[in-house]
Amino acid sequence: MTETQRDILSAGFSLTLIALAAFVMQRFFLPLVWAGILCVATWPMYQRLRARLGHSILSAALLTLLVAAIFIVPALLGAAQAARQAPDLATYIVTANTDGIPVPDFVAHLPVVGDPIAEWWQATLSQPHGLAHLFSERKINGFHSASDMIKVAGVGFMHRLVDFGLAFLCLFFFYKDGDVLSRQITNIGSRWFSEQRWARYSEKVPTAIRATVNGLVLVGLAEGVLIGIAYWLAGLKSAALWAAATGILAIIPFGAPLAFVSAAAVLAFGGALPGAIAVVVWGTVVLFVADHFVRPGIIGNATRLPFLAVLFGILGGVETLGLVGLFIGPVVMVLFVTLWHEAQSHHGDVGSPVATPR
């Protein structure tokens with residue numbers, strides 16, 4: 001067997017093993033990616049905690065519990081608030097189904113669409129048992145009844161719960177073995193590429209992830225606070241809970257409107273039409289400024305990416321990969337822009353140093 005044949009056989013064997021491993025682990029890719037993103041984003045915090053405690057396993061366990069609590073505690077508070085309001089909501093649904101829901105006064109004053117909406121409302125929701133008829137006999141989004149939708153939502157929730165647990169289990173081991181894993185990745189990358197080129201690319205990935213997490217999470221929480229003030233001033237019940245939901249949805253670009261438009265609808269149905277209009281206007285202003293200037297600015301300044309690259313990375317990532325694409329998209333754009341400048345520098349010498357764009 002010649003040297004070339006041996007290399008081809010070896011490469012085929014390696015690719016086959018990689019493909020088999022990917023096939024076996026495909027169910028766990030999403031938890032692994034989330035764990036990796038959280039680990040990279042909080043790695044400096046872990047290093048400080050480990051230096052203070054002097055024990056890697058204890059530090060990894062404490063920080064994993066802390067990061068998990070950041071997700072779990074708000075969810076528990078929201079569930080507790082929902083449980084307290086569940087009896088009132090159930091009573092309202094029963095009453096609305098038995099007696100019908102009157103057409104709100106503001107619907108008739110809506111331009112263009114007011115009259116058609118009022119006629120449909122009067123023919124369906126305003127009729128006794130119209131609510132039950134709407135959800136039981138009509139096929140909604142491919143489901144024949146609300147019970148079908150609830151069952152599918154329940155199964156999806158259980159899958160997400162398992163992914164959530166696996167992600168934090170992986171996060172613990174990423175913290176504990178992070179130094180070893182980093183050295184192994186560096187050795188493999190340096191073997192495939194030149195050390196200089198690998199160092200240039202590898203140092204940009206953590207920076208991009210941390211900048212994206214800061215830009216998305218911190219700006220989203222700030223949006224929740226600012227719009228939550230409008231909820232409180234407008235007299236919305238459970239304004240803090242609505243503000244928390246807005247902050248969570250605001251992490252996704254253009255996700256906040258789902259929260260503040262729903263809050264405005266609740267205000268409008270309660271007769272507070274001026275407050276509903278004020279919430280929509282203020283929410284739109286905050287969203288526009290945050291998503292078009294503040295968020296791209298935070299990410300772009302840290303990663304030295306142009307505005308359009310940041311915007312396309314965020315929006316394109318979430319469009320193609322879902323929620324995890326919010327963090328992967330900007331990383332891809334950072335690597336692409338680095339390659340772009342590398343290709344045009346020093347007469348195409350990809351191994352030479354290149355200045356990153358400012």
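Residue numbers count from 1 along this sequence. It should be emphasised that the depicted structure is a prediction, and the values quoted were computed from it without experimental measurement. Only heavy atoms go into these numbers, but all of them, side chains included; no hydrogens, no water, no symmetry mates.
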**Q** For atom CZ of Phe173, is the number of surrounding heavy atoms from other residues, nucleotides or ligands below 6.0 Å larger than 12?
**A** no
**Q** Supply the atom-to-atom distance Cys170 SG to Asp163 CG, rounded to the nearest 0.5 angstrom.
**A** 10.0 Å
**Q** Just to verify, which of Thr284, Val279, Val286, Val280 counts as forming a side-chain contact (heavy atoms from CB on, under 4.5 Å) with Trp282?
**A** Val286
**Q** Using 30° and 60° as the class limits, which term best fits the ring planes of Trp198 and Phe193: parallel, tilted or perpendicular?
**A** parallel
**Q** Would you name the heavy atoms of Phe174 and Gly36 that are closest together and state the gap between them?
**A** CE1-N, 3.6 Å
**Q** Between Ala167 and Ala35, which heavy-atom pair has the shortest distance, and what is it?
**A** O-CB, 3.3 Å
**Q** Can the ring centres of Phe168 and Phe164 be said to be less than 6.0 Å apart?
**A** yes
**Q** Just so I know, are the side chains of Leu323 and Val318 near enough to count as touching, which here means a heavy-atom distance under 4.5 Å?
**A** no
**Q** Cluster question for you: counting only ILVMFWY and a side-chain heavy-atom cut-off of under 4.5 Å, with indirect links fine, are Leu335 and Val324 together?
**A** yes
**Q** Can you confirm whether Arg210 sits close enough to Pro44 that some side-chain heavy atom of one is under 4.5 Å from a side-chain heavy atom of the other?
**A** yes
**Q** List the steps, then state whether side chain to side chain contact (heavy atoms under 4.5 Å, CB included) holds for Tyr201 with Leu339.
**A** CA-CA 9 Å; Tyr201 281 88; Leu339 178 64; 3.4 Å; yes
**Q** Rounded to the nearest 0.5 Å, what separates atom CG in Asp177 from atom CZ in Arg183?
**A** 10.0 Å
**Q** Distance from Arg6 atom CZ to Leu9 atom CG, nearest 0.5 Å?
**A** 9.0 Å
**Q** Is the CD atom of Glu195 crowded by more than 12 outside heavy atoms at less than 6.0 Å?
**A** no
**Q** Do you know the tightest heavy-atom contact between Ile298 and Ala211?
**A** CG2-O, 4.3 Å
**Q** May I ask you to test the Ile209-Val331 pair for a side-chain heavy-atom distance under 4.5 Å?
**A** yes
**Q** Determine the interplanar angle of the Trp43 and Tyr175 rings, folded into 0 to 90°, and report it as parallel if under 30°, tilted if 30 to 60°, perpendicular if over 60°.
**A** parallel
**Q** Within a strict 4.5 Å, meaning less than it, do heavy atoms of the His55 and Ile57 side chains meet?
**A** yes
**Q** Going by heavy atoms in the side chains, are Val213 and Leu218 under 4.5 Å from each other?
**A** no
**Q** Within the 4.5 Å heavy-atom criterion, are Val294 and Val289 side-chain neighbours or not?
**A** yes
**Q** Distance from Ile328 atom CD1 to Leu321 atom CG, nearest 0.5 Å?
**A** 5.5 Å
**Q** Is it possible for you to say whether Ile227 and Val261 belong to one hydrophobic cluster, with membership spreading through side-chain heavy-atom contacts below 4.5 Å?
**A** yes
**Q** Would you call Arg50 and Asp179 a salt bridge, using N to O less than 4.0 angstrom?
**A** yes
**Q** Treating Thr42 as the side-chain partner and Leu38 as the backbone partner, does any N or O pair qualify as donor plus acceptor under 3.5 Å?
**A** yes
**Q** For the pair Val219 and Glu223, evaluate side chain to side chain contact (heavy atoms under 4.5 Å, CB included) and give the outcome as yes or no after the intermediate values.
**A** CA-CA 6 Å; Val219 174; Glu223 288 183 42; 3.7 Å; yes
**Q** How far apart are the closest heavy atoms of Ile37 and Phe327, and which atoms are they?
**A** CD1-CB, 3.7 Å
**Q** Start with the C-alpha gap between Leu63 and Met45, add the side-chain angles, then the distance that decides, and say whether side chain to side chain contact (heavy atoms under 4.5 Å, CB included) holds.
**A** CA-CA 8 Å; Leu63 189 55; Met45 187 185 304; 3.5 Å; yes
**Q** Give a yes or no on whether Val162 and Leu30 share a hydrophobic cluster (residues Ile, Leu, Val, Met, Phe, Trp, Tyr; joining criterion: side-chain heavy atoms under 4.5 Å apart).
**A** no
**Q** Identify the two heavy atoms, one from Val217 and one from Ile251, that lie closest to each other, and give their separation to 0.1 Å.
**A** CA-CG1, 4.2 Å
**Q** Starting at CG of Leu236, measure out to CG of Leu267 and round the result to the nearest 0.5 Å.
**A** 4.5 Å
**Q** In the structure I gave you, are the side-chain heavy atoms of Thr16 and Leu20 within less than 4.5 Å of one another anywhere?
**A** yes
**Q** So Leu32 and Met25, side chain to side chain contact (heavy atoms under 4.5 Å, CB included) or not? Walk me through it.
**A** CA-CA 10 Å; Leu32 281 171; Met25 295 180 58; 3.5 Å; yes
**Q** I'd like to check Thr246 versus Tyr231 (side-chain heavy atoms, cut-off strictly below 4.5 Å). Are they in contact?
**A** yes
**Q** Restricting to non-hydrogen atoms, name the atom on Thr212 and the atom on Pro330 that form the minimum distance, rounded to 0.1 Å.
**A** OG1-CB, 3.4 Å
**Q** Hydrophobic clusters here meaning ILVMFWY residues chained together by side-chain heavy-atom distances under 4.5 Å, can you tell me if Phe172 and Tyr46 are in one?
**A** no
**Q** In Å, rounded to the nearest 0.5 Å, how long is the span from CH2 of Trp192 to CG of Asn187?
**A** 12.5 Å
**Q** Quick check: does any side chain N or O of Gln26 sit under 3.5 Å from a backbone N or O of Phe23, one acting as donor and the other as acceptor?
**A** yes
**Q** Grouping I, L, V, M, F, W and Y whenever their side-chain heavy atoms are under 4.5 Å apart, do Val67 and Leu65 come out in a common cluster?
**A** no
